[in-house]
Amino acid sequence: MTAQQQPRPHAAVKPARWAADAVAMMREGARVRLDYSAQSLWRVDRTIEEIRREAAPYDAVREMLRGLGAYAGEVIVRQGGAEWWASGGDHWIRTHDGRLWDPIDEARRCYGGHGSLRLLCRDAVA
């Protein structure tokens, strides 16, 4: 197997699927293309900010925020060599230095006006 064909850890299965769903939703619904680059997180932060300004009820956007957070986690995995960890239904990113990051919760914080997936990625990959 080549490096690109190696199976992902079990903890990555759900977040990778959530991220792929978010990419498809952004492409089809908002006409925004996400390419798993750190730069694409600018668009994700802006999208969350726009939804927050529209005052969409949290319950209506919960799944989308989970997907966008998972997308940010996948960016960190791909850009920084991190890996997904899971416990009790929660999913985190573990970077090579052993730190744990919660991009799904950061997406929720963004929706509350207190977070940034772009900055989370910058800090996690640095």
**Asked** Where do Glu49 and Arg46 land on the salt bridge (charged side-chain N to carboxylate O under 4.0 Å, His left out) test, with the steps shown first?
**Response** CA-CA 5 Å; Glu49 175 63 23; Arg46 281 195 311 261; over 6 Å; no

**Asked** Got a sec, which residues hit salt bridge (Lys or Arg N to Asp or Glu O under 4.0 Å) with Arg31, two or more places apart in sequence or on another chain?
**Response** none

**Asked** Could you state the interatomic distance from CZ (Arg66) to NZ (Lys14), rounded to the nearest 0.5 Å?
**Response** 8.5 Å

**Request:** Would you check, one step at a time, whether the test side-chain contact (heavy atoms from CB on, under 4.5 Å) holds for Ile93 with Val77?
**Result:** CA-CA 8 Å; Ile93 296 292; Val77 166; 3.6 Å; yes

Let me have the donor-acceptor pairs involving side chains of residues 118-126, under 3.5 Å, with sequence neighbours excluded, atom names and distances please.
none

**Item:** pair Trp18-Ile104: side-chain heavy atoms closer than 4.5 Å
**Value:** yes

**Asked** Are any of the side-chain heavy atoms of Met64 and Ile51 separated by less than 4.5 Å?
**Response** yes

**Item:** Residues Tyr71, Leu117; criterion side-chain contact (heavy atoms from CB on, under 4.5 Å); working and verdict
**Value:** CA-CA 9 Å; Tyr71 172 79; Leu117 293 171; over 6 Å; no

**Message:** side-chain contact (heavy atoms from CB on, under 4.5 Å), that's the test. Do Leu41 and Val44 meet it? Break it down for me.
**Reply:** CA-CA 5 Å; Leu41 293 174; Val44 173; 4.3 Å; yes

Taking all heavy atoms of [X] and all of [Y], pick out the closest pair and write down the distance.
X      : Y      : result
Arg108 : Leu65  : CA-CD1, 4.5 Å
His91  : Asp102 : O-OD1, 3.8 Å
Trp92  : Ser87  : CZ3-CB, 3.6 Å
Leu34  : Met26  : CD1-CG, 3.8 Å
Ala72  : Pro103 : CB-CB, 4.2 Å

**Request:** Please check if Val23 and Trp42 belong to a single hydrophobic cluster, counting links between Ile, Leu, Val, Met, Phe, Trp and Tyr side chain heavy atoms closer than 4.5 Å.
**Result:** no

**Message:** Using a strict threshold of under 4.0 Å (side-chain N to carboxylate O), is an ion pair present between Glu106 and Arg109?
**Reply:** yes

**Message:** Between Trp84 and Glu74, do the side chains contain a donor N or O and an acceptor N or O under 3.5 Å apart?
**Reply:** yes

